[in-house]
Amino acid sequence: MKVQNQFETNEYRAVVVGAGHAGSEAALALARTGIPTLLLSLNLDSIAFMACNPSIGGTAKGQLVREIDALGGEMGRNADKTALQMRMLNVGKGAAVQSLRAQADKHAYHMQMKKTLENTENLTIRQSEAAEVLVKAGKVCGVKTTYGEIISAEAVILATGVYLKSAVIAGEFKQSSGPNGFAPANELTENLIALGFHVRRFKTGTPARVDGRTIDYSKCEIQEGETDLYPFSYLSESVPQKQKPCYLTYTNERTHEIIRANLHRSPLYSGVIKGTGPRYCPSIEDKVVRFADKERHQIFLEPECADSNEVYVQGLSSSLPHDVQRAMYKTVPGLENARIMRYAYAIEYDCIDTLDVYPTLEFKKIEGLYTAGQINGTSGYEEAAAQGLIAGLNASLKLRRMPPFILHRDEAYIGVLIDDLVTKGTNEPYRMMTSRAEHRIHLRQDNADFRLTPRGYETGLVSKEQYERYLARKKAVERIHQALETRVSPKQCKDFLISYGFPAPAGGISYADMLRRGIPMEAICDTFRILQDEKRENIETACIDIKYEGYLQRGLEQIEKAKKLEDKKLPADIDYEKIDGLRLEARQKLNKIRPENLGQAGRISGVNPADIAVLMVYLSLKKE
């Protein structure tokens, strides 16, 4: 309920609404670049809270975290400090799809991020609910809280997560609530609609947490962490050497029978849930229906934190009633006697159509108003944090009268993420995947700093310390490249090559040539005693460049071709209705999205190559 008394605050230039993973990165990006910023949170105990899986990284998401770090963001550093376990995923596949993943300490992650925010210069955090975004003459001028406080600001970033009119659902039970029992944000949605946002209803969910003391781990497969990995952050020295194990188990036909017998009580199928759920992270009842031929589904048992017995049951997300959940969980090997500490639930929430925002994440209809995170229809902590950093950085650049910061698809996974959102939009919770990145061989997690740190330094977000570390690593990789081009005489390498099934060389051969033939780098280093004092990550980056140089070169050629279209800018005031030759659908989509260049126009759903040809003719005629 709004109060009548009003009072004004004029201490800040920017306000960030929401202190989840998006809001935290946005506030830090603003404050670290010198902008006095206020961060509003419904509850300070929910800052950077992991409402679902207590993990950071994973396939494609690990790339996002390293890019956030390379640009001066906080997520990677926080994950390194609070990791319970770390693993490299997809090690049996190519370097382009390998991704770092950390099981994080849920409590420690929240507290560490809160501590960072509290001690950042130019940043104030406050527990309060925003009820209204204030606008004057087409520009944002502040926010009004439910307490009646009017906070003046030149930039506002909305990072409201899943809290807008959120409702928790399990079976026949439905309650107005945010995740984990936190209060919902019920005041802001109507204001956003009035401002011109197109609002939709999405849904996500989470599994139960069980008491680890009641799990029979002897019936599960143990999954140990890895200690010889590089960390997420370029400022971290190493990964934790003492790690907690996770465990793997499976559902079975009995589990599926219970689910099928109770589908009529599932809000997913009874019509109680109206919001669109995530395609790539479905509930267990959805998996059983959609993949009816599968005899079992993987279930991962993951510790939530070091000082609690709660275990996260990944793979068993559900909105089934509590009694069905209890029966279902008891059929899983290892969980027969497990006590549920928190039941699974689905959560519905309001979000916006991202076709309403620019690649800077600024709202097209109101200058200075930005959106980031799950309000933009994405799922996942990493996607949210990436958007938060970009929104915060662009708001800061605008206030400092500097050019905007836009990453293209060939520069970063962050660029792919945002381009997909603002060019194609999404009709379901969007999740980053390696398959979405057409230039993924260039956008590896090992070279994120080479791609992005110089650009982050130019904006003022990357610190001098981080930039100097980047320069040192760049020199080290160049040094390793030179060392690997050293040629070895036939006498020195004959026996070594024969042992790997190659004929004796007629002439000298370089270490790089050995790598190209598929000989492991570790074997080369151990046999010839080279690169003994170099860091593993630097060696790995140089080796990938050498082994994939043919693919990398072809990729660069494709990027150059694509850039020709990206370089052809479209006038901001162009009226597509008046361009002869454009199809009706193309005119409507182009007028709505207002692409910045021909490359972006070509990626819009409903705009085909013939339409692009018409636009090229139009641009050439305008030049004459």
Side-chain angles (χ1 to χ4, degrees), residues 20-21 24 48-66 68-69 74-91 98-113 179-180 205-213 215 217 220-233 236-250 280-281 297-317 332 334-335 338 341-342 344 379-385 431-432 445:
H21 303 282
S24 295
F49 183 72
M50 293 178 165
C52 198
N53 195 349
S55 71
I56 296 294
T59 305
K61 295 168 178 282
Q63 279 85 336
L64 285 174
V65 178
R66 292 212 107 206
I68 291 166
D69 183 76
E74 191 65 25
M75 176 172 268
R77 304 177 207 178
N78 213 52
D80 290 339
K81 292 173 185 175
T82 60
L84 295 174
Q85 185 196 93
M86 298 189 83
R87 298 182 69 192
M88 187 69 73
L89 304 186
N90 296 329
V91 289
Q98 292 177 11
S99 305
L100 192 60
R101 181 185 186 274
Q103 192 67 27
D105 185 314
K106 186 176 194 168
H107 293 169
Y109 190 94
H110 151 70
M111 289 304 300
Q112 184 63 43
M113 187 65 82
N180 209 60
T206 190
R209 276 69 163 175
V210 301
D211 188 334
R213 297 170 300 176
I215 297 174
Y217 289 113
C220 309
E221 301 171 27
I222 192 168
Q223 292 196 314
E224 301 283 4
E226 301 171 49
T227 57
D228 59 345
L229 305 171
Y230 51 75
F232 279 117
S233 176
S236 301
E237 296 300 331
S238 63
V239 303
Q241 297 301 294
K242 187 177 180 181
Q243 302 188 9
K244 280 182 169 287
C246 296
Y247 293 86
L248 174 65
T249 184
Y250 298 88
Y280 301 104
C281 189
H297 295 280
Q298 287 183 328
I299 304 297
F300 294 93
L301 304 177
E302 303 170 335
E304 289 245 299
C305 47
D307 58 358
S308 170
N309 294 320
E310 288 188 72
V311 172
Y312 181 90
V313 189
Q314 187 194 149
L316 272 180
S317 285
V332 177
L335 301 183
M341 299 177 73
R342 303 177 199 245
S379 68
Y381 312 138
E382 302 83 0
E383 290 89 339
R431 179 179 180 177
M432 193 70 243
Q445 60 180 5

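Atom set for the values below is all heavy atoms of this structure, side chains included, hydrogens, waters and symmetry mates excluded.
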Contact summary for [X] and [Y], nearest pair of heavy atoms:
| X | Y | answer |
| --- | --- | --- |
| Arg342 | Glu310 | NE-OE1, 2.6 Å |
| Val311 | Gly212 | CG2-CA, 3.6 Å |
| Cys220 | Tyr247 | CB-CB, 3.9 Å |
| Val91 | Gln98 | O-NE2, 3.6 Å |
| Pro231 | Leu100 | C-CD2, 3.7 Å |
| His21 | Ala48 | CE1-O, 3.5 Å |

First locate atom [atom1] of [X], then atom [atom2] of [Y], and finally report the distance between them rounded to the nearest 0.5 Å.
| X | Y | atom1 | atom2 | value |
| --- | --- | --- | --- | --- |
| Asp80 | Met86 | CG | CE | 5.0 Å |
| Asp211 | Ser308 | CG | OG | 8.0 Å |
| Met88 | Asp228 | CE | CG | 9.0 Å |
| Cys305 | Leu84 | SG | CG | 7.5 Å |
| Glu302 | Ser55 | CD | OG | 6.0 Å |

Could you list the residues that satisfy side-chain hydrogen bond (donor to acceptor under 3.5 Å, both in side chains) with [X], not counting sequence neighbours?
| X | answer |
| --- | --- |
| Asn78 | none |
| Gln223 | Arg87 |
| Gln85 | none |

Is the shortest side-chain heavy-atom distance between [X] and [Y] below 4.5 Å?
| X | Y | result |
| --- | --- | --- |
| Ile56 | Met50 | yes |
| Leu335 | Leu301 | yes |
| Gln243 | Glu226 | no |
| Met75 | Tyr109 | yes |
| Pro54 | Gln103 | yes |
| Val313 | Val332 | no |
| Lys61 | Tyr381 | no |
| Thr227 | Lys242 | no |

In sequence, state the C-alpha distance, the side-chain angles, and the governing distance for Cys52 and Tyr312, and then conclude on side chain to side chain contact (heavy atoms under 4.5 Å, CB included).
CA-CA 9 Å; Cys52 198; Tyr312 181 90; 3.1 Å; yes
Modelled atom types, side-chain donor and acceptor of Gln445 and Ser99, under 3.5 Å
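Short answer, no.
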Any donor-acceptor N or O pair under 3.5 Å, side chains Asp69, Ser233
yes
When you look at Lys106 and Phe49, which way does the side chain to side chain contact (heavy atoms under 4.5 Å, CB included) test go after all the steps?
CA-CA 7 Å; Lys106 186 176 194 168; Phe49 183 72; 3.6 Å; yes
Given the rule in the side chain to side chain contact (heavy atoms under 4.5 Å, CB included) test, do Tyr250 and Glu221 qualify, once you have shown the distances and angles that lead to the verdict?
CA-CA 10 Å; Tyr250 298 88; Glu221 301 171 27; 3.5 Å; yes
Arg209 and Glu304: side chain to side chain contact (heavy atoms under 4.5 Å, CB included), yes or no, with the steps?
CA-CA 9 Å; Arg209 276 69 163 175; Glu304 289 245 299; 3.4 Å; yes
Donor-acceptor contact below 3.5 Å, side chain Glu382 vs main chain Gly57
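Confirmed, Glu382 side chain pairs with Gly57 backbone.
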With a 3.5 Å distance limit and no angle check, can you tell me whether Asp105 reaches the backbone of Ala306 through a side-chain donor-acceptor pair?
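Looks like yes, one N/O pair under 3.5 Å.
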